[in-house]
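Some notes on the structure that comes next.
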Amino acid sequence: MTTTAQPRPGTPVPPLRHNRDFLLLWSGTAVSLVGLTVSTIAYPLLILAVTGSKAAAGVVGFFSLLPALLFQLPAGVLVDRWNRRRLMIWCDVIRALGAASVVLALALDELTLAHVVVVGFVEGTMSVFFNLAAHAAVPNVVHPDHLSTALSRNEARSRAATMLGTTLGGVLFGLSRALPFALHAVTHVISLVTLLFIRSDFQSDRQVRTRTTGMLAEVGEGTRWLWRQPFLRTAALLVAGSNLLFRALFLVVVVMATDVGASPAAVGVLLSVAGAGGVLGSLVAGWCQGRLPLSALVVGANWVWAVLMGVIVLTDSLYLLAAAYAAMWFVGPVWNVAVATHQLRVTPDRLRGRVLGAMGLLASGALPVGALIGGLLLEWSDARTAALVLAGWMVLLALVATIAPSLRRAIAPVETTTTPDAEPAVR
């Protein structure tokens with residue numbers, strides 16, 4: 001077994017930029033994320049071009065997102081049970097074959113809606129497994145001193161890849177219907193190759209094991225552990241609440257922008273500025289996490305969001321609307337990195353997949369609910385009233401964060417001498 005080399009006590013820790021295995025994992029995942037985003041944009045365009053049915057495009061989108069709700073918990077069990085690197089390699093193989101099958105069907109003029117639905121569902125399922133395994137592997141690939149920096153760079157990678165992939169998806173589809181999916185297949189091959197060159201193990205020796213208990217028992221072990229951690233339990237519920245808000249707010253902001261005279265192009269620029277705000281927030285998240293108390297970050301982020309929601313409600317200026325929305329996106333990565341760093345440090349390696357899956361289920365489950373709430377609010381009222389309701393919800397979340405004893409007494413990050421499998425006391 002090969003493990004990440006740790007410097008001897010008293011010797012300087014090499015910079016993260018010299019960590020070959022992390023750079024391979026980071027770059028390979030970045031490339032695959034671009035390809036995944038390209039296909040996400042291209043799928044509805046393809047279905048609309050082939051069938052002309054908006055309902056069919058919605059069906060494809062639904063089945064592509066469904067695995068995030070169905071498989072977070074069982075995927076967490078298998079990520080803890082199986083070899084994580086090997087699992088990620090097979091996920092890339094299957095996703096590359098799925099994208100290639102779409103290219104082949106287009107070349108033969110044999111593409112059907114059922115084919116695209118199946119590919120989207122399988123691709124979404126593999127992405128759940130891949131993302132959980134990649135996230136759980138980070139503490140085993142980087143030195144503990146670099147964990148928050150690594151997570152900050154991962155956050156920036158995800159947001160930048162999404163921005164680039166969104167632009168490329170439409171451009172490539174305009175050139176050729178098959179081109180986005182060909183690129184998608186290639187990106188997964190590149191990710192696969194980077195995984196093959198990584199020498200570090202993605203888990204401890206005792207982590208790779210055969211089944212000893214049933215699936216439900218292992219899911220229960222992970223969720224019970226999470227529920228017994230007051231800070232993580234409260235943070236997971238707040239993440240679900242804020243994800244619900246952000247998903248509803250997306251549609252509300254688009255309508256508010258059009259109400260003040262923004263053209264479709266201007267709306268696109270506004271959303272791009274918001275995405276750029278998220279990238280910038282990712283770049284400073286590690287710095288903030290290393291200098292501010294955990295309780296100040298998680299409570300403060302909710303109050304900043306509440307204040308910014310007030311700005312969105314009150315403004316009639318497109319520029320101020322864009323600035324406030326971008327600032328909300330800027331704060332998001334700071335919150336994500338702070339919570340994720342603490343979570344990975346205190347979660348035993350043997351439980352990381354299951355705990356990540358449980359938290360991911362709460363976060364993912366809030367997204368479709370938020371989209372539904374946003375649509376209903378706009379159906380029943382105007383955009384400003386809808387924003388006011390969401391602002392009230394955000395103030396409620398901020399108050400909960402403020403009075404929650406588990407957040408006010410949030411423990412400091414675990415010392416870097418703590419081993420990955422240690423189970424520190426959580427107050």
Side-chain angles (χ1 to χ4, degrees), residues 27-68 88-128 130-131 157-195 250 254 263-272 274-276 279:
S27 58
T29 306
V31 172
S32 70
L33 280 171
V34 171
L36 187 65
T37 307
V38 164
S39 68
T40 300
I41 299 301
Y43 273 130
L45 296 176
L46 177 64
I47 293 302
L48 287 172
V50 172
T51 68
S53 170
K54 296 179 181 178
V59 167
V60 172
F62 171 79
F63 279 98
S64 298
L65 294 173
L66 186 60
M88 292 171 67
I89 289 171
W90 278 110
C91 287
D92 273 331
V93 169
I94 294 171
R95 292 190 294 183
L97 291 175
S101 74
V102 174
V103 175
L104 180 61
L106 285 170
L108 298 175
D109 198 22
E110 295 290 341
L111 187 73
T112 64
L113 176 62
H115 182 172
V116 177
V117 166
V118 170
V119 170
F121 184 81
V122 172
E123 186 176 276
T125 302
M126 293 301 101
S127 294
V128 170
F130 185 96
N131 294 336
R157 173 197 65 195
S158 299
R159 293 172 183 272
T162 300
M163 287 179 63
L164 177 60
T166 301
T167 302
L168 276 178
V171 172
L172 294 178
F173 188 84
L175 297 174
S176 167
R177 291 181 181 179
L179 197 53
F181 306 100
L183 175 65
H184 186 197
V186 171
T187 60
H188 287 306
V189 172
I190 294 173
S191 174
L192 185 157
V193 171
T194 62
L195 288 168
F250 173 82
V254 169
S263 65
V267 172
V269 171
L270 184 154
L271 298 178
S272 297
V279 174

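Just so you know, these numbers come straight off a predicted model, no measurement behind them.
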Search all heavy atoms of [X] against all heavy atoms of [Y] and return the closest pair with its distance.
X      : Y      : answer
Leu36  : Thr40  : O-OG1, 2.8 Å
Ser191 : Thr194 : O-OG1, 2.6 Å
Leu33  : Ala161 : CB-CB, 3.7 Å

Run the side-chain contact (heavy atoms from CB on, under 4.5 Å) test against [X] and tell me which residues pass, sequence neighbours left out.
X      : answer
Ala160 : Val279
Thr37  : Thr162, Thr166
Leu270 : Val253, Ala257, Leu318, Leu321, Ala322, Tyr325

Would you give the length of the straight line joining atom [atom1] of [X] to atom [atom2] of [Y], rounded to the nearest 0.5 angstrom?
X      : Y      : atom1 : atom2 : value
Thr29  : Asp92  : OG1   : CG    : 8.0 Å
Asn131 : Met88  : CG    : CE    : 8.5 Å
Arg177 : Leu172 : CZ    : CG    : 15.0 Å
Thr112 : Ile47  : OG1   : CD1   : 8.5 Å

Open item on the list: Less than 4.5 Å apart, side chain to side chain, heavy atoms only: is that true for Val38 and Pro180?
Closed with: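 In contact.
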
Please tabulate, for the side chains in residues 118-127, all donor-acceptor contacts under 3.5 angstrom to protein atoms that are two or more places apart in sequence or on a different chain.
{"from": "Glu123", "atom 1": "OE1", "to": "His184", "atom 2": "ND1", "distance (Å)": "3.3"}
{"from": "Thr125", "atom 1": "OG1", "to": "Phe121", "atom 2": "O", "distance (Å)": "2.8"}
{"from": "Ser127", "atom 1": "OG", "to": "Arg95", "atom 2": "NH1", "distance (Å)": "3.0"}
{"from": "Ser127", "atom 1": "OG", "to": "Glu123", "atom 2": "O", "distance (Å)": "2.9"}

- [ ] Taking ring pair (Phe, Tyr, Trp, His ring centres under 6.0 Å) as the test, write out the residues that go with Tyr43, two or more places apart.
- [x]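 Per chain and number, Tyr43 pairs via ring pair (Phe, Tyr, Trp, His ring centres under 6.0 Å) with Phe181.
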
TODO: Mind running side-chain contact (heavy atoms from CB on, under 4.5 Å) on Val50 and Val116 for me, showing each step along the way?
DONE: CA-CA 11 Å; Val50 172; Val116 177; over 6 Å; no

What side-chain donor-acceptor pairs closer than 3.5 Å can you find for residues 96-104, not counting sequence neighbours?
{"from": "Ser101", "atom 1": "OG", "to": "Gly98", "atom 2": "O", "distance (Å)": "2.6"}
{"from": "Ser101", "atom 1": "OG", "to": "His115", "atom 2": "NE2", "distance (Å)": "3.0"}

